[in-house]
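The structure appears below as structure tokens.
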2 protein chains.
Amino acid sequence: MTTRVGIYGYGNLGKGIECAVKAASDMELVAVFTRRDPATVKILTEGVAVVSVNDVESYKDKIDVMILCGGSATDLPVQTPALAKLFNVVDSFDTHAKIPEHFANVDASSKGSKHVALISAGWDPGMFSLNRLYANAVLPNGKDYTFWGKGVSQGHSDAIRRIEGVQDAKQYTCPVDSALEAVRSGSNPDLTTRQKHTRLCYVVLKEGADAKKVEEQIKTMPNYFSDYDTTVNFISQEELNANHSGIPHGGFVIRSGSTGVNGQNKHIIEYSLKLDSNPEFTASVIVAYTRAVARLYKEASFGCKTVFDIAPAYLSPLSGEELRATML
Amino acid sequence: MTTRVGIYGYGNLGKGIECAVKAASDMELVAVFTRRDPATVKILTEGVAVVSVNDVESYKDKIDVMILCGGSATDLPVQTPALAKLFNVVDSFDTHAKIPEHFANVDASSKGSKHVALISAGWDPGMFSLNRLYANAVLPNGKDYTFWGKGVSQGHSDAIRRIEGVQDAKQYTCPVDSALEAVRSGSNPDLTTRQKHTRLCYVVLKEGADAKKVEEQIKTMPNYFSDYDTTVNFISQEELNANHSGIPHGGFVIRSGSTGVNGQNKHIIEYSLKLDSNPEFTASVIVAYTRAVARLYKEASFGCKTVFDIAPAYLSPLSGEELRATML
């Protein structure tokens, strides 16, 4: 079975989806939908249509699963429920606090139209969430830790770029090694925000800008930087372009727990990701879940799901028999 | 809903199950079944019956899920299909090569009796298998690595104990750090058996035994040791008892893969376990899957399953709503 895929939104994530669909032998890209003038959007795959979002309804019967690549702040809360009326959909909605509300909206929409929707696919939420759930189910007595990085935070980079005198900037979130080691030792430490992560900034100043003032503004910025140990490095635009143009990310999900008559035996479960490209890895997770959505639709299992609701076998192109013989 | 559990076989794994059931607020231990004289078997939980395996059929309506704690070599191939005629069952069958055959037998039996069976729960097969599947589904272009240890191999310890002149022994399987680092670097190395693991042996000699001869016999033993760099340490029984009486284990599942137009972006997915008690952790995984089996039975989803077929949410005592709000 080949799954016919549409991409709705063609930024970094949409491009990542395009690559991940190419890498999947059982998927076919049908069209890319854009809010821009389609004539101005050049995609990687030859022979695939670039279509205005205004014409999406005409693809209702040509696409098995529509992958939504918009942002969580304003795009997905509107787009996912709307498109779930026409298509099976997958999104990567990642505003953790608003997931229950988004779930309810998408569930109502997809159940009404008899489609399958999967929200919040990616790595956090996504693979990290799965590992939190599995580890908690297996070790009910224990403590969870999530560390992020080393990786680029788009939100923090944007916040720096909004400061007067800043021409460009890139911010890396870095886990603190000693905190990671303390968690891995099984000592179940209580860690403050400051103890878990540091923030590393590379900043290009506009001509004549006051470096000291910019640094002060970054380090004292509430919510973004004031609770962290922050390092600010001023570099040239050339250096930023040469050494900091990638979008790496990653992190660690660790559960430290105990078993036994008196809880005397300690166990550490650790899951980690080291990613050269955050959007391409996120896209790879989404495409695996796209396969699952296509299968659930064949089973008429309508409504909204998350990664928690999907049996792992649905993600693989292999049959149950092949999986048991090769991966169990 | 409280799940009423039976334990079939009361060795290290059975004792681990007893502890894990205690730690689960929604589970109740009903009875422990033994091949020994029940009067000679003392268990940890007060008020729970110890029953001869000959009387197991009389518990047909008193137990929701029977957890089988026998060995994979001769017990489970017979016991799991037989007990699946009477009960929902979970086992930890771990002879990887024979899983397809075991699955077919248990599937026929459990479908015939309208029960749910789950085989091969634990960590390998089990949590490691899940991580192999997820990582392969997400990164189709890549390479898998599994490392075990540092941990006690019961089979290798037994093999040493069978050598003439050996009074007692404990064998640890150890991953080679440099191999782990090579894999984590993303270089996708081809590693031989010898390059991946070493074997570390602590041996107590009988009086008058020839140490040099014993060491030679260990290091040249085919299948068990001859393909590995093996270190043999001779120690006293007291030292063995004091420092090597635990059953720790663990290991690493790593997938190294790439994405992008030209596969230019590398990604490392790593899952690792560091376990003080191999049987207690295995038991903890089994008990989480026992919860899933009880739920699948309510849904009349009969037949044999593996960890691949179970949606993660079924493992948790929390509702879908609670899971989405707290772990996604």
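Each chain gets a letter, A, B and so on, in the order the sequences are listed, and its residues count up from 1. Side-chain atoms are counted along with the backbone in the values below, which use heavy atoms only and exclude waters and symmetry mates.
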TODO: Measure the acute angle between the ring planes of A/His267 and B/Phe281, then classify it against the limits of 30° and 60° as parallel, tilted or perpendicular.
DONE: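 Ring orientation of A/His267 relative to B/Phe281: tilted.
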Task: Top contributor to chain A contacts, counting heavy-atom pairs under 4.5 Å, from B/Lys266, B/Lys15, B/His96 - done: B/Lys266
TODO: Among the options B/Leu318, B/Asp94, B/Thr326, B/Ile310, pick out the one with the most heavy-atom pairs lying under 4.5 Å from chain A.
DONE: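 Looking at each of B/Leu318, B/Asp94, B/Thr326, B/Ile310 in turn, B/Ile310 comes out on top.
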Got a second to check how far [X]'s [atom1] is from [Y]'s [atom2], nearest 0.5 Å?
X: A/Thr306; Y: B/Leu328; atom1: OG1; atom2: CG; result: 5.0 Å
X: A/Leu275; Y: B/Asn265; atom1: CG; atom2: CG; result: 10.0 Å
X: B/His102; Y: A/Arg324; atom1: NE2; atom2: CZ; result: 12.0 Å

For chain B, find which of [options] contributes the most heavy-atom pairs closer than 4.5 angstrom.
options: A/Phe308, A/Phe252, A/Phe128; answer: A/Phe308
options: A/Ala313, A/Gly257, A/Pro317, A/Pro100; answer: A/Ala313
options: A/Ile269, A/Ile286, A/Ile254, A/Leu44; answer: A/Ile269
options: A/Ser272, A/Pro125, A/Ala288; answer: A/Ser272
options: A/Pro312, A/Ala311, A/Ala137; answer: A/Pro312

Open item on the list: Less than 4.5 Å apart, side chain to side chain, heavy atoms only: is that true for B/Asn131 and A/Asn131?
Closed with: yes
Quick one: closest heavy-atom pair of [X] and [Y], and the distance?
X: A/Ser316; Y: B/Leu133; value: CB-CD2, 4.2 Å
X: B/Gly260; Y: A/Cys19; value: C-SG, 3.8 Å
X: B/Arg132; Y: A/Met327; value: NE-O, 3.0 Å

Select one option (side chain, backbone, both, neither) describing which atoms of [X] are under 4.5 Å from chain A's heavy atoms.
X: B/Tyr289; value: side chain
X: B/Leu130; value: side chain
X: B/Val307; value: both
X: B/Tyr271; value: both
X: B/Ser277; value: both
X: B/Val287; value: neither
X: B/Leu323; value: both

Open item on the list: What residues of residues 139-146 of chain B make heavy-atom contacts with chain A at a cutoff under 4.5 angstrom?
Closed with: B/Leu139, B/Pro140, B/Asn141
Task: chain B contact via A/Ile99 - which portion, at a heavy-atom distance below 4.5 Å - done: side chain
Task: Toward chain B, the part of A/Asp124 with a non-hydrogen atom under 4.5 Å - done: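 For A/Asp124, the contact with chain B is made by the side chain alone.
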Open item on the list: If you count heavy atoms of other groups shown closer than 6.0 angstrom to OH of A/Tyr314, is the number above 12?
Closed with: no
Open item on the list: Can you tell me if A/Glu321 has over 12 outside heavy atoms packed within less than 6.0 Å of its CD?
Closed with: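 No, not enclosed.
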- [ ] Using modelled atom types only, decide if a donor and an acceptor are shared between the side chain of A/Lys274 and the backbone of B/Arg184 within a distance under 3.5 Å.
- [x] yes
